[in-house]
**Student:** 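One structure follows; several queries about it will come next.
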Amino acid sequence: MIEIKGLTKKYGSFVALDHFELSIGDGVVCGFVGANGAGKSTIFSILATLLSPTAGDATIHGKSVTRDPAEIRKVIGYMPDFFGVYDQLKADEYLDFYGASYGIPAEKRKVLIPELLELVNLTDKRYEYVDLLSRGMKQRLCLARSLIHDPKVLILDEPASGLDPRARVEMRDILKHLKSMGKTILISSHILPELSEMCDEIVVIDRGKLIAHGHVESIQAQLQGDKRIKVKVVDQLDAARAFFEEDPFISGIELQEDKKEISFTYKGSDEEQVELLRKALLSNIPVYSLNVEEKDLEDVFMAITKGAYE
Amino acid sequence: MHQRFSNPVLMKELKLRFRAFKSFSGLMFYLILLFIFVGGFLSVYTQFTGTGFFRPSESFIMFSVISVLQMALVMFITPGLTAGAISSEREKQTLNILLTTTQSSTQIIIGKLLSSIAFLILLLIAGLPLYSIVFLFGGVSPTQLITIFLFYLLTVIAIGSIGIMFSTITKKTIVSMIATYGAMIFLGAVTAFFFFVGFSLDRIPGGMPTTPIGGPTPSSPITFFWAAINPGALMLTILFPEMGNELANLTNISFPNWIVYLIFYSLITVICLFIAIRKLRANMRHNR
Ligand SMILES: Nc1ncnc2c1ncn2[C@@H]1O[C@H](COP(=O)(O)OP(=O)(O)OP(=O)(O)O)[C@@H](O)[C@H]1O
Ligand SMILES: [Mg+2]
């Protein structure tokens with residue numbers, strides 16, 4: 001259980017985090033969404049005991065990040081948004097160093113390191129110097145590193161940034177695997193379709209404030225304003241148009257003659273929508289399909305963050 | 001139990017340091033410099049005396065030259081080895097990750113310090129064959145050699161701690177380097193300057209000579225202090241105990257200067273390490 005209570009971080013007079021309240025259950029994969037500078041990395045740094053908040057506190061498994069950071073470090077695996085690697089160190093030595101840093105005995109590290117490299121698909125890079133690995137490989141190695149002490153909670157700040165599509169799919173598979181192991185995962189990303197597929201919950205942040213928190217679908221619904229409906233007819237496009245134009249809930253009609261398709265913004269309720277369809281059929285409009293356009297997270301993101309750029 | 005004493009940072013740094021070509025070339029450079037100085041000294045000295053031979057008293061002079069030279073070299077190298085210890089990790093963006101591990105701040109700082117000192121000890125040991133020449137001709141006691149090595153160690157640890165402290169509290173390695181070299185030059189040279197200034201001022205007390213020329217001058221603890229914390233002065237008083245007596249005469253303080261040195265440099269070490277450990281996780285309120 002991760003609980004964030006009244007978390008506030010100020011840089012001078014600039015408020016990067018503003019009385020942030022959140023609680024995340026065990027074993028949940030929670031995606032953090034927000035524009036650049038929204039405060040995602042700030043929250044993650046505080047949870048990772050790297051930054052102390054100006055006010056408020058957060059607890060992980062009941063331990064406070066400000067009062068008991070040493071205990072927190074045992075249970076979290078942290079992957080920063082930007083990180084470097086030591087040169088002159090090979091991949092297995094890199095993991096070995098961090099293993100030792102968590103007090104894992106040498107014999108256990110010997111067993112663990114090949115397993116972790118296997119997990120992130122870097123077995124063949126075991127004896128390569130880490131600074132010579134590609135960015136995506138470094139990223140996966142860093143993920144392996146964050147797992148070395150078998151933490152219950154993973155805090156991953158944009159783990160998929162800079163990865164090619166294949167590597168991103170691989171990263172997602174690794175994360176799914178970690179989820180199946182029962183780990184709680186906090187992850188921030190700008191690539192939203194990725195989050196929606198992988199996460200149980202989504203947290204939306206804007207300018208240091210919590211905008212929304214909930215299941216992926218409910219967030220989408222919550223943030224969806226007007227819905228856009230697309231109707232296909234077999235023929236009589238003009239008649240259909242004339243019919244829909246009369247409905248008070250309908251605006252912004254667009255016609256696509258070649259596809260025999262009409263789309264419009266609909267403000268009515270679901271019941272009113274049923275009524276609309278019934279009336280259309282009774283008026284002999286040959287509707288053969290009606291669908292509500294799904295807004296994906298991308299649109300949601302754009303809608304939420306519009307304010308930040310104005 | 002084993003974990004308490006193992007230090008991952010130390011082990012890793014040692015591995016990296018001895019793997020890097022830089023360290024090897026650094027060691028070579030150090031030895032070459034030392035040999036050039038000693039060789040130069042030998043040739044100049046034998047030319048001067050015109051005998052071409054080397055007597056025990058002369059080998060003692062050479063021992064002194066090597067000792068002071070090594071002290072100077074080591075003092076120059078220490079800031080370079082320690083002033084980037086933390087700040088370079090910050091610059092390479094490896095520090096964040098290191099700080100989220102369960103290692104304590106104390107462990108990290110001590111690991112950094114020890115790994116730099118280990119390399120300096122290696123340098124000093126590599127210079128040992130030079131001393132064998134001196135021993136061959138006699139004139140130096142092993143006690144003197146050991147005392148001098150212990151004071152090397154103390155000086156290196158103190159300056160190393162200053163370097164680590166600056167490296168922790170400054171963001172940029174370059175700033176930390178400048179500050180550490182500044183501190184080193186202060187201890188090595190500015191103290192000598194202050195001593196001479198203080199000494200001259202003590203000699204002319206208000207223009208009214210209260211003491212006959214050549215007699216004991218008014219005691220000046222501050223002047224004595226400047227001399228006592230100067231590494232060069234310490235070397236000379238260890239090598240030539242008469243010089244210690246001379247200092248006592250000059251300042252009217254017969255307290256052994258090496259004790260002042262020991263206390264002062266130990267204090268520097270403790271204070272600097274304390275600050276470094278405190279400031280390593282400066283963004284956190286609770287840290288050790
Ligand atoms: N050390 C600092 N001093 C001053 N302001 C800072 C500092 N660190 C962060 N900020 C500010 O805090 C705000 C939040 O930054 P943060 O890095 O948390 O954003 P983010 O959501 O992670 O953005 P991104 O998507 O670009 O990674 C930003 O406006 C940033 O300018
Ligand atoms: Mg960020």
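The sequence lines fix the lettering, A, B, ..., with proteins before strands; numbering per chain opens at 1.
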**Student:** Whether B:E89 and B:K112 form a salt bridge (side-chain N of Lys/Arg under 4.0 Å from carboxylate O of Asp/Glu) is what I want to check.
**Tutor:**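 A salt bridge links B:K112 with B:E89.
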**Student:** Which one, A:S101, A:G84, A:C142, leads in non-hydrogen pairs under 4.5 Å with chain B?
**Tutor:**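 Option with the greatest count: A:S101.
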**Student:** Top residue by heavy-atom pair count (under 4.5 Å) with chain A, among B:V9, B:I97, B:N96?
**Tutor:**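 When all of B:V9, B:I97, B:N96 are compared, B:I97 has the most.
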**Student:** Name the region of B:L99, side chain, backbone, both or neither, that has any atom closer than 4.5 Å to a heavy atom of chain A.
**Tutor:**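 Contact with chain A: backbone and side chain both.
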**Student:** Do you know which of A:F82, A:Y98, A:F97 has the most heavy-atom pairs under 4.5 Å to chain B?
**Tutor:**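 Among A:F82, A:Y98, A:F97, the one with the most close pairs to chain B is A:F97.
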**Student:** For B:K171, is there an ion pair with B:E91 - N to carboxylate O distance below 4.0 angstrom?
**Tutor:**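 The answer is no: the pair does not qualify as a salt bridge.
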**Student:** Can we say A:K110 and A:D96 salt-bridge, meaning some charged N sits less than 4.0 Å from an Asp/Glu carboxylate O?
**Tutor:**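 Salt bridge flag = no for A:D96 with A:K110.
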**Student:** Which of the residues A:H149, A:E71, A:E93 is involved in the greatest number of heavy-atom pairs with chain B at under 4.5 angstrom?
**Tutor:**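 Most heavy-atom pairs under 4.5 Å with chain B: A:E93.
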**Student:** Taking the basic N atoms (NZ, or NE/NH1/NH2) and the acidic carboxylate oxygens, is any pair closer than 4.0 Å for A:K209 and A:D18?
**Tutor:**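 Yes, this pair counts.
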**Student:** Should A:Y78 and A:S45 count as side-chain neighbours, where that means a heavy-atom distance under 4.5 Å?
**Tutor:**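 Of all side-chain heavy-atom pairs linking A:S45 with A:Y78, at least one is under 4.5 Å.
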